Each structure stands twice: as C-alpha cells, then as structure tokens.
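What follows is one structure encoded as structure tokens, with my remarks underneath.
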Amino acid sequence: MSKRPIRSIKGTQDILPDQSFRWQALESIIRDTMDKYNYHEIRTPAFENTALFLHSVGEETDIVSKEMYSWEDQGGENLTLKPELTAPVARSFIQNNLGGLNPINKLYYIDSLFRRERPQKGRYRQFHQFGIEAFGSEFPEIDVEVIALAMSTFKNLELNGLTLELNSIGSKDCRDNFRKAIKEYLKPNFDKLSETSQTRFNKNPLRILDTKSPDEKRLLKDGPKISDYWTSDDKNHFNEVCELLDKINIKFELSPNLVRGLDYYTRTTFEVTSNLLGAQNAICGGGRYDGLVEQLGGKPTPGIGFAAGMERLLLADQRNFEPTKSQIYIVGLGDSVRSLIVNLAEELRKNNFRTNFDVLRRSIKSQMRDANKLDAQYVIIIGEEELSKNIATIKDLSSGDQKEIPFESILNHIKSLPLK
RNA sequence: GUGGGUGUAGCUCAGCUGGUUAGAGCACCUGGUUGUGGCCCAGGAGGCCGUGGGUUCAAGUCCCAUCACUCACCCCA
C-alpha cells in the first residue's frame with residue numbers, strides 16, 4: 001500500500017465540470033463555423049509510426065528532436081503520440097485516397113496533442129487543437145478561405161486583441177535559392193552566430209530568420225530577403241491573397257520574418273496572436289504545404305491549413321458562461337414516497353425537464369437548501385400528507401408561492417410553468 | 001534542459017524579529033422551524049503547516065536537500 005496518492009502527469013490537466021461546459025461551448029462554436037464553410041471532421045489515431053513525423057515535420061525541428069513522446073512497442077515498432085496533426089491528416093488523406101474521390105477535400109479536427117515541453121501558461125504536455133486541412137487547390141481563394149475560417153471562429157468567440165500576421169516563404173525553388181543565398185551571406189560571420197543558429201545554418205537555414213538575438217537581427221537586416229527570391233508565381237499568389245483579404249475586410253500585418261517552425265511549409269504562412277496571454281501568445285498558426293503529400297508518398301497535391309490552441313483560446317476568452325441549471329427539484333419526505341419520486345423524476349425527464357431529487361435521504365431543510373443551491377426554479381414536495389390526499393405541493397422558489405396540485409395533473413401543471 | 005516565485009483547512013489566504021492547545025473568510029454539516037430554501041443567528045467537522053534532514057531548551061517561522069505547482073528562457077498552438 002503506497003501512502004501517496006497517484007497524481008496526474010506533469011503538464012496534463014483534468015477538465016472538471018466547472019470548466020468542461022466552457023470546452024463544450026467552444027467546441028460547439030467551432031463545429032458551427034466549420035459547418036458554414038462546409039468542412040468535415042476527420043479523426044485520426046492517437047499515435048502513429050514515428051517515421052511519419054521524421055519525414056514531414058523535420059528531424060531538426062524542436063518538436064521532433066526533443067519533444068516527442070516516442071517508444072518502441074512490444075512488437076518492435078517505433079511509435080509516437082501525435083505532436084501535431086497536419087502529418088497524420090495528410091497520411092490519412094493518402095492512405096484513404098481521398099484525393100481520388102474528390103478534387104478538393106476540406107477537413108477539420110478537434111483533438112489532443114502531446115509534446116514533452118516544460119509546462120507554462122498556455123502550454124501543456126497534453127493539449128488540444130482544432131484546425132483544418134484543405135487539400136487539392138493551389139489557388140489563393142483557398143488560402144483566404146482558410147484564414148477567413150480561422151478569423152471567423154475567433155470572431156464568433158468574441159475574442160479581442162488579436163493580430164493576424166502574414167508572410168510567404170515561397171515555393172520550393174524560391175526556398176532553395178534563398179537557402180543558398182543566406183548561407184553565402186552568413187558564412188563569413190559563422191563564428192559569431194549563436195549555437196542554435198549555427199546548427200540551423202547547416203540543417204535548416206531558413207529558421208535563422210526566427211532568431212531573437214539583437215546582434216543577429218542586425219546582421220540579417222542587410223542580408224537577403226525571402227521576398228527577393230520569390231518566383232513571379234510566388235509573388236502573384238501572395239499579392240492575390242493580400243488583395244482578397246482586403247476585399248473581405250480581414251486586417252493583417254506583413255511579417256517578412258514569419259517562418260513557421262515546421263519543414264513542410266511553402267508559400268503562405270500566417271499566425272494569429274492575442275495580447276491577452278502571457279509569453280505563449282500564439283493562438284493559431286498555419287500555412288501552405290504544397291509538397292507534403294508527395295513527400296509522404298502520395299500524388300502531388302497542394303494543401304493548406306492551420307491549427308489553433310484551445311487552451312489558449314479559453315485563456316483569451318473573456319465571456320461569462322452560465323452552466324446549465326436545474327429546473328425542477330423534487331423534495332421527498334418519508335419511506336413511503338421514495339418509489340413515487342423516482343418515478344416522477346423519470347417522467348419529468350422524459351418530458352425534457354431538467355430534474356433533480358435528493359439521493360442522500362436528507363431532511364426537508366437540507367433538500368430545500370440543495371434545491372436552492374442548484375438554482376432550481378420549482379420544487380415539488382411530496383410527503384406523507386400529500387400522499388394521503390393524492391396531491392403534490394409545488395413551490396416557486398423565486399417568489400416563494402406554493403400551491404397544491406392533484407397528483408395526476410403534475411406533469412400538465414409543470415408544462416404550463418414559465419421555465420427557463 | 002536553465003533560471004525566478006510559491007507550498008499552512010476543500011478554496012483564497014493570515015500567522016510580527018523562533019515561544020504554549022495553528023487562525024480568518026468562503027464552502028461543507030447540524031440546529032434555531034416535530035414538513036419549507038435564500039438572509040440572519042448558534043454550534044460542528046475538517047490541518048503529518050509539501051516531504052526529509054539539520055540548528056535550537058523550543059521550528060509553520062531559521063539553514064540544507066528534495067518534490068510539487070507556477071512564471072519565464074528555448075520553442076511552439
């Protein structure tokens with residue numbers, strides 16, 4: 001017998017009834033919005049082959065190199081709890097030949113992710129994201145639809161203080177040329193670069209743009225810009241995205257150094273931040289990944305999507321939620337009425353009244369207090385007296401008025417009440 | 001992985017420079033009404049003062065270690 005009770009794992013949390021109704025409200029807004037844009041839900045397994053993430057997210061990203069929950073199972077397979085969802089959805093898209101069934105596939109998910117990071121405000125080891133992936137179109141209209149869907153969801157959540165940042169990191173050719181250029185430019189100063197930037201120099205030079213070091217920022221200021229390496233198609237694509245966003249009144253800021261962390265992104269990248277959070281202020285990140293499906297062994301298929309952190313959305317959500325209250329509370333007194341009360345409660349519930357009764361065999365005073373605490377609107381009292389006269393006493397808790405109702409017409413009487 | 005902050009009742013916290021049986025508010029239970037809630041009043045239950053060690057006549061209080069939580073760095077949703 002151990003003395004210490006077992007605790008939940010660091011960075012995981014229980015969502016208790018005092019919060020779960022907020023999650024339900026959030027999920028229902030997400031699903032309603034997805035419906036309007038005609039996106040359909042996809043659910044993928046909690047774990048995948050580790051190789052899926054190595055080959056898509058990128059071996060040199062932080063997610064893959066130090067944050068994945070990976071293990072070898074009893075059959076010798078290398079498995080990983082999913083740390084992000086674009087790769088699993090792309091895997092499913094290929095495996096189920098969704099591209100062959102429809103030229104365009106618009107998918108959404110609400111799911112748990114796992115990353116072994118040090119927890120802090122807005123960051124947990126098991127966390128939740130909702131997001132979408134749209135496969136099949138390379139045109140700016142879908143970029144804009146994806147961004148509009150994200151912003152529309154946040155608007156429906158009545159979030160304030162949001163900023164949308166936008167950039168294009170170009171197509172594959174552009175990235176290849178830019179990669180060469182920035183390496184060329186930084187080479188003479190390689191020794192002055194930070195350790196992480198030196199690693200990135202070799203493995204993923206684009207990410208050096210992400211640097212926080214003031215020295216390196218100054219150095220990069222006069223260096224090559226991604227936009228200088230856009231192909232004319234890249235440039236037209238990005239301009240059209242910007243114009244369409246203007247047209248539908250979505251405000252954005254251009255952010256030339258916004259390089260999404262994962263390897264598979266191409267062209268459009270965007271991020272939404274909130275000024276109501278702490279250091280972890282990104283509530284949504286996304287972008288285009290035109291090479292991903294092919295890279296994972298599928299037919300060449302353009303794609304774009306985003307993921308939004310639900311814990312962070314709830315932190316930024318200032319609305320006051322009211323959990324659902326009870327409507328009817330049945331107070332029972334004495335052994336002889338118990339079966340009657342169970343029966344009546346069931347009948348009321350079948351008629352869609354939110355009904356409660358005491359299951360602790362408590363005194364009338366306790367039951368009344370309980371009814372009050374649960375914010376019940378009406379109390380039905382049935383004791384020996386009522387039983388002998390075949391009536392029930394019905395009390396309006398807000399006014400305190402009460403009246404006697406013949407037993408057989410209780411349901412009709414309840415139906416006639418102004419219940420909220 | 002690195003750094004800061006915090007651990008006292010279910011919750012929020014008080015406990016002065018070490019000094020008797022460790023406190024408050026809220027929440028909970030019972031009663032004030034032999035069958036009537038809220039407000040009020042009276043009472044009650046509930047604490048290895050995170051854990052281990054040390055200093056001391058004496059530790060919730062000082063020192064060390066450790067664990068947990070939390071914020072931040074890194075990175076990300």
Side-chain angles (χ1 to χ4, degrees), chain A residues 3-5 7-13 16 18 57 60-67 82-86 109-131 150 154 194-197 199-200 204 207 210-213 258-262 270-274 277-287 305-316 329 331-334 337 358 360 362-387 393-402:
Chain A
K3 278 181 83 175
R4 300 267 151 236
R7 300 176 50 85
S8 61
I9 306 301
K10 183 201 286 284
T12 67
Q13 47 185 358
L16 302 178
D18 67 336
V57 177
E60 296 312 318
T61 60
D62 284 8
I63 291 180
V64 170
S65 64
K66 55 186 197 196
E67 295 172 2
K82 52 190 171 187
E84 62 104 47
L85 274 157
T86 299
Y109 54 76
I110 297 177
D111 210 345
S112 283
L113 292 298
F114 306 86
R115 292 183 199 170
R116 196 182 184 290
E117 299 179 87
R118 197 74 166 257
Q120 74 189 71
K121 185 173 185 178
R123 185 167 74 190
Y124 309 96
R125 289 183 172 183
Q126 175 174 0
F127 61 105
H128 299 80
Q129 289 184 341
F130 82 91
F154 304 147
S194 64
E195 203 178 320
T196 52
S197 288
T199 314
R200 287 171 179 177
N204 190 352
R207 295 268 326 277
D210 265 345
T211 187
K212 299 280 174 353
S213 145
L258 176 65
V259 181
R260 310 245 76 248
L262 316 186
F270 63 96
E271 185 167 295
V272 181
T273 54
S274 162
L277 304 180
Q280 308 305 319
N281 64 350
I283 59 169
C284 173
F306 72 78
M310 294 173 70
E311 282 81 1
R312 292 181 188 179
L313 289 175
L314 288 173
L315 284 172
Y329 192 103
V331 169
L333 297 161
V337 302
D358 172 60
L360 292 173
R362 285 180 285 190
S363 67
I364 183 168
K365 190 189 188 83
S366 297
Q367 293 188 50
M368 291 300 293
R369 280 183 175 162
D370 199 29
N372 188 63
K373 193 170 66 186
L374 293 170
D375 247 2
Q377 293 176 67
Y378 292 89
V379 165
I380 302 175
I381 303 170
I382 301 175
E384 313 286 349
E385 274 177 35
E386 284 83 358
L387 190 63
T393 301
I394 298 190
K395 178 167 186 170
D396 179 343
L397 280 189
S398 54
S399 66
D401 299 341
Q402 59 183 55

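Every chain is numbered from 1 and lettered A, B, ... according to where its sequence line falls, protein lines coming before strand lines. Remember, it's a predicted structure, so these values are computed and weren't measured experimentally.
Base pairing annotation: B:rU12 forms a Watson-Crick or G-U wobble pair with B:rA24, both donor-acceptor distances under 3.5 Å. Base pairing of B:rG43: its partner is B:rC29, meeting the Watson-Crick or G-U wobble criterion (both donor-acceptor distances under 3.5 Å). The pairing partner recorded for B:rC74 is none, the criterion being a Watson-Crick or G-U wobble arrangement whose two distances lie under 3.5 angstrom. B:rC69: Watson-Crick or G-U partner is B:rG5, with both key distances under 3.5 Å. Of the nucleotides present, B:rG54 is the one that pairs with B:rC62 by Watson-Crick or G-U wobble criteria, both distances under 3.5 Å.
For a distance-only test at 3.5 Å, the side chain of A:Lys365 fails to qualify as a donor-acceptor partner of the base of B:rU36. Side chain A:Asn372 to base B:rG38: no donor-acceptor pair is found below 3.5 Å. For B:rG35, its base never sits under 3.5 Å from the side chain of A:Gln367 at any donor and acceptor pair. Contact of A:Arg123 with B:rC75 (side chain to base): a donor-acceptor pair of N or O atoms is detected under 3.5 Å.
Remark: A:Arg7 CZ to A:Thr12 OG1 distance equals 9.5 Å, nearest 0.5 Å.
Checking B:rC74, B:rG35, B:rA77 against the side-chain heavy atoms of A:Ile364 singles out B:rG35 as nearest. Side chain of A:Arg369, nearest nucleotide from B:rA77, B:rC28, B:rG38: B:rG38. Distances from the side chain of A:Gln402 to the nucleotides B:rC75, B:rC28, B:rU36 place B:rU36 closest. When distances are taken from the side chain of A:Ala279 to each of B:rG31, B:rA72, B:rA77, the shortest belongs to B:rA72. The A:Asn281 side chain lies nearest to B:rC76 when the options are B:rA72, B:rC76, B:rA77. When the nucleotides B:rA77, B:rU36, B:rC75 are ranked by their closest atom to the side chain of A:Glu67, B:rC75 comes out on top.
Dashed line: the shortest gap from a side-chain N or O of A:Lys10 to OP1 or OP2 of B:rC69 is under 4.0 Å. Close to B:rC76, at under 4.0 Å from its OP1 or OP2, lies no side-chain N or O of A:Gln280. Between B:rG4 and A:Arg118, no contact under 4.0 Å exists linking OP1 or OP2 to a side-chain N or O. Residue A:Ser366 places at least one side-chain N or O closer than 4.0 Å to OP1 or OP2 of B:rU30.
Residue A:Gln13 is classed as having no contact, given no heavy-atom separation below 4.0 Å to the nucleic acid. At a threshold of 4.0 angstrom between heavy atoms, the contacts of A:Glu384 include nucleobase atoms, whether or not backbone atoms are also involved. Looking at heavy-atom distances under 4.0 Å, A:Leu313 makes no contact with the nucleic acid at all. Among the protein residues, A:Tyr124 comes within range of the nucleic acid bases, having at least one heavy atom under 4.0 Å from a base atom. A:Ala371 comes within 4.0 angstrom of nothing in the nucleic acid, heavy atoms only. A:Arg125 comes within 4.0 angstrom of no nucleic acid atom, judged by non-hydrogen atoms across all strands. Among the atoms of the strands shown, base atoms are found under 4.0 Å from some heavy atom of A:Gly122. Among the protein residues, A:Ile283 comes within range of the sugar-phosphate backbone only, with heavy atoms under 4.0 Å from sugar or phosphate atoms but none that close to a base.
Spacing between atom CD of A:Glu117 and atom P of B:rU2 amounts to 16 Å, rounded to whole angstrom units. What separates CD of A:Glu385 from P of B:rU36 is a distance of 10 Å, to the nearest Å.
The residue among A:Lys121 and A:Gln129 whose nearest nucleotide of RNA chain B lies closer to the 5′ end is A:Lys121. Comparing A:Arg7 and A:Arg312 by the nucleotide of RNA chain B whose heavy atom lies nearest to each, the residue mapping closer to the 5' end is A:Arg7.
Residues A:Ile9 and A:Gln126 form no side-chain contact, since every pair of their non-hydrogen atoms from C-beta on lies 4.5 Å or further apart.
Applying the side chain to side chain contact (heavy atoms under 4.5 Å, CB included) test between A:Arg125 and each of A:Arg116, A:Glu67, A:Arg115 identifies A:Arg116 as the sole match. Applying the side chain to side chain contact (heavy atoms under 4.5 Å, CB included) test between A:Val57 and each of A:Asp62, A:Thr86, A:Leu262 identifies A:Leu262 as the sole match.
Side-chain atoms of A:Arg362 do not come within 3.5 Å of backbone N or O of A:Gln367 as any donor-acceptor pair. Under a 3.5 Å cut-off, the side chain of A:Glu60 and the backbone N or O of A:Arg200 do not form any donor-acceptor pair. A:Arg123 places a side-chain N or O within 3.5 Å of a backbone atom of A:Arg118 that can act as its donor or acceptor partner.
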